[in-house]
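Everything numeric in this text was worked out from a predicted model, so none of it was measured. Atom set for the values below is all heavy atoms of this structure, side chains included, hydrogens, waters and symmetry mates excluded. Residue numbers begin at 1 in each chain, while the letters A, B, ... track the order of the sequences.
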There are 2 protein chains.
Amino acid sequence: MTDTAAPPTLDDVARLARVSTATVSRCINSPDRVAASTRARVETAIKTLGYTPNFAARFMAAKRTFTIGAIIPTMENAIFARGLQAFQEELHQRGYTLLVSSSAYKAEAEEEQIRTLVARGADGLLLIGHDRDPQIYDYLAQQHVPVLVAWSYSETARVPSIGFDNRAAMRSLAERMIALGHKRIAMISGISEQNDRARLRIEGVKDAMAAHGLDPERLAPVELPYDVHSGAAAFVDLMSHSPRPSLVLCGNDVLAVGALRGAHQLGLKVPEDVSITGFDDIELAQVVTPELTTVHVPHREMGRKAAQELVGMVEEKRQGVSEKLETTIMERSSVSILRDQSE
Amino acid sequence: MTDTAAPPTLDDVARLARVSTATVSRCINSPDRVAASTRARVETAIKTLGYTPNFAARFMAAKRTFTIGAIIPTMENAIFARGLQAFQEELHQRGYTLLVSSSAYKAEAEEEQIRTLVARGADGLLLIGHDRDPQIYDYLAQQHVPVLVAWSYSETARVPSIGFDNRAAMRSLAERMIALGHKRIAMISGISEQNDRARLRIEGVKDAMAAHGLDPERLAPVELPYDVHSGAAAFVDLMSHSPRPSLVLCGNDVLAVGALRGAHQLGLKVPEDVSITGFDDIELAQVVTPELTTVHVPHREMGRKAAQELVGMVEEKRQGVSEKLETTIMERSSVSILRDQSE
DNA sequence: TTGTACGCGTTATCAG
DNA sequence: CTGATAACGCGTACAA
């Protein structure tokens with residue numbers, strides 16, 4: 001128990017076990033390539049010394065860290081939580097450690113964190129969405145760090161993605177709402193700059209409107225940070241216009257919950273007085289009253305597949321292949337039927 | 001744009017700038033110790049090469065990383081999100097990067113992640129709560145890595161903590177409820193093994209009961225994972241017993257929201273038929289109907305102060321000093337008044 | 001002010 | 001199956 005000593009090194013272990021450092025290293029990295037007897041000796045030495053490999057040294061020599069980095073826009077709400085959890089679990093099964101950083105939806109912060117994670121030897125990176133300064137992709141390419149994007153699917157983007165078609169998903173939700181008889185449609189969106197999910201969801205609504213004889217230009221989505229408070233304020237403001245919308249489509253569930261609160265403040269009943277929808281289907285959506293009609297995203301599947309693909313890219317040094325995941329509309333009780341739908 | 005080349009090194013920069021590697025290193029780490037003219041040359045070289053210092057090499061040579069690690073029990077709900085966000089912001093201001101890992105409330109996972117983060121050169125560690133295998137503290141001491149605990153305050157623990165008194169906080173909530181006339185009290189708790197917050201909150205309720213002539217042994221808290229579904233199931237089960245409790249105290253807001261759902265399933269009105277309380281005062285508490293009576297925790301203050309203290313410990317190589325933060329009871333609408341409270 | 005040279009703790013190559 | 005030994009990229013005495 002020499003508590004003041006510096007952490008033990010490979011050398012210390014080697015000396016104690018009366019072998020060379022190479023042998024100790026082998027015991028750790030390919031145990032089968034060393035005799036059982038000596039291995040036993042080494043293992044005891046490791047135990048008694050409380051030896052832990054020095055990571056930096058290992059990285060310098062081997063250039064691999066078995067670490068994957070992920071940068072998500074926020075940890076403040078649960079949007080990315082389930083997917084990330086699944087991502088981590090799958091990674092862990094494959095012997096990788098996940099390190100997470102949050103950018104607070106700020107492009108510069110994200111860039112800095114990308115550099116940080118790469119410098120720290122991340123073998124691969126998971127990023128959310130495609131929209132970012134192209135220079136970053138140059139940097140990543142130069143550093144030979146594989147990158148995979150999640151939460152957004154794109155065929156044309158520079159890096160592979162495991163995600164869903166935000167535009168199509170939102171379009172089909174909007175079309176369903178239109179089929180239900182909603183015509184006066186408003187939208188509360190996340191901030192679309194540097195955020196393809198937000199941007200594409202707006203486009204999806206416009207697609208639906210255009211396809212059904214509504215003027216997309218009249219949508220005029222308001223863009224705000226993804227938090228409950230903003231959602232509530234925007235909703236209250238929206239309701240002060242006339243004619244009032246019969247439906248408020250929200251860019252995600254958090255904004256939708258905010259809208260629900262706004263309605264509550266105004267004494268408006270949902271869905272009788274106004275309908276509200278969300279996107280993501282996080283736990284929150286089923287916990288509020290009324291439960292939210294929203295777009296279900298296969299969070300866990302996405303996380304799991306992203307991990308598989310990213311590890312594949314890292315280990316086989318190959319290009320990643322994109323995959324589009326399916327979303328489904330969850331019709332719950334925050335939407336009213338204005339017109340009977342018998343076809 | 002030689003895209004196939006390996007990342008540039010100090011050596012490359014030195015060659016291009018026609019100086020030694022030592023000079024380049026100085027330009028980066030103590031710019032004032034080098035002549036302005038040569039510094040300019042070096043800086044251009046760095047720019048044109050797109051040089052980024054290799055982190056592992058730097059760590060090996062300098063033994064500092066300006067990285068702080070944090071291991072939280074979960075990212076799945078927002079319990080730790082706000083505090084962690086504040087922690088990160090404060091860290092960033094001081095030039096440190098935060099790396100986060102989640103243990104899914106599993107002790108072995110946490111231990112592994114502690115080792116991972118230390119091996120990766122974390123200058124300091126933030127941990128949640130005090131309950132863990134003492135060996136881990138030995139390891140951390142041996143590695144000379146400063147540790148700070150948050151979300152729980154203790155004077156007697158081996159490591160310093162910035163947190164609140166979970167026991168006293170829960171006790172005063174329970175006392176307030178008793179003062180309101182509640183006598184048939186049930187509790188839905190998190191799993192208390194290896195979780196001092198959960199454990200102390202149970203104790204707090206028992207303290208309050210004992211102090212007011214109620215038998216603490218009759219509390220019989222049920223312990224479950226912190227998720228909405230578990231909370232709902234436990235609540236439904238609790239309500240099948242007779243006599244039914246008039247009040248269900250929950251170990252945190254997530255369980256309380258679950259209880260609310262359970263009540264809804266049962267057709268029970270809250271607070272008319274049964275009262276429910278939470279703990280933490282996360283955003284969720286104000287978003288559900290009825291809004292949750294709960295214990296407010298100063299998340300952001302805790303995160304900020306934890307960052308300050310931990311950086312202090314790292315930079316000044318000193319023992320950390322603990323601080324107890326205040327909590328307050330937020331009385332909202334999930335609790336009924338059974339008895340008039342004029343004193 | 002600048003350069004030389006060594007050490008940090010591993011892994012990997014190559015003999016033995 | 002095992003042992004020397006050369007990298008890996010950088011910081012820093014020490015020397016010039």
* Does a side-chain N-to-carboxylate-O contact under 4.0 Å join B:R199 and B:D196? -> no

* Asked: Checking all strands, does B:L10 fall into the base, sugar-phosphate, or nothing category for heavy-atom contacts under 4.0 angstrom?
  -> sugar-phosphate

* Asked: Salt bridge between A:R300 and A:E89, side-chain N to carboxylate O under 4.0 Å?
  -> yes

* Looking for any heavy atom pair under 4.0 Å, which part of the strands does A:T52 touch: base, sugar-phosphate only, or nothing? -> sugar-phosphate

* For atom CG of A:N54 and atom C1' of C:dG9, their distance in whole Å -> 5 Å

* Asked: In whole angstroms, how far is the C1' atom of C:dT2 from the CZ atom of B:R18?
  -> 16 Å

* NZ/NE/NH1/NH2 to OD/OE distance under 4.0 Å, B:E90 and B:K305 -> no

* Is the charged tip of A:R64 near the ring of A:F66: under 6.0 Å from the six-membered ring centre and within 45° of its axis? -> yes

* Asked: Looking for any heavy atom pair under 4.0 Å, which part of the strands does B:T9 touch: base, sugar-phosphate only, or nothing?
  -> sugar-phosphate

* **Carboxylate-amine/guanidinium proximity below 4.0 Å for B:K63 and B:D123** => no

* **Shortest side-chain distance from A:R26, nucleotide among D:dG3, D:dG9, D:dT12** => D:dG3

* To do: Report the distance from atom CG of A:D11 to atom P of C:dT11, rounded to the nearest whole Å.
  => 13 Å

* Asked: In whole Å, what is the span from the CZ atom of B:R120 to the C1' atom of C:dG9?
  -> 16 Å

* For B:R58 and C:dC8, what is the distance between atoms CZ and C1' respectively, to the nearest whole Å? -> 15 Å

* Please state how far atom CZ in A:F66 lies from atom C1' in C:dT11, giving the value in whole angstrom units. => 12 Å

* Asked: What's the CZ-P distance between A:R41 and D:dC1, to the nearest Å?
  -> 15 Å

* Asked: Within the pair A:T38 and D:dT2, is there a side-chain N or O less than 4.0 Å away from OP1 or OP2?
  -> yes

* Asked: Counting any heavy atom closer than 4.0 Å, what does A:Y51 reach on the DNA or RNA strands: base, sugar-phosphate only, or nothing?
  -> sugar-phosphate

* Proximal nucleotide (of D:dT2, C:dC8, C:dT10) relative to the B:A61 side chain -> C:dC8

* To do: Compare side-chain N and O positions of A:S25 against OP1 and OP2 of C:dT11 and report whether any pair is under 4.0 Å apart.
  => yes

* Structure fact -> Closest non-hydrogen contact found for A:V314 with A:I68 is CG2-CD1, 4.3 Å

* Asked: What does B:A35 touch in the nucleic acid at a heavy-atom separation under 4.0 angstrom: a base, only the sugar-phosphate, or nothing?
  -> sugar-phosphate

* **Nearest-nucleotide 5' precedence on DNA chain C, B:V19 against A:M60** => B:V19

* Given C:dT11, is OP1 or OP2 found less than 4.0 Å from the side-chain N or O atoms of A:T21? -> no

* For A:N29 and C:dT11, is the shortest distance between a side-chain N/O and OP1 or OP2 below 4.0 Å? -> yes

* Between B:I28 (CD1) and D:dG9 (C1'), how many Å, whole number? -> 11 Å

* Asked: Taking OP1 and OP2 of C:dG3, is either one under 4.0 Å from a side-chain nitrogen or oxygen of B:T23?
  -> yes

* Structure fact -> By nearest-heavy-atom nucleotide on DNA chain C, the more 5' of B:R39 and A:P53 is B:R39

* Considering just the side-chain nitrogens and oxygens of A:K63, establish if one lies under 4.0 Å of OP1 or OP2 belonging to D:dA7. => no

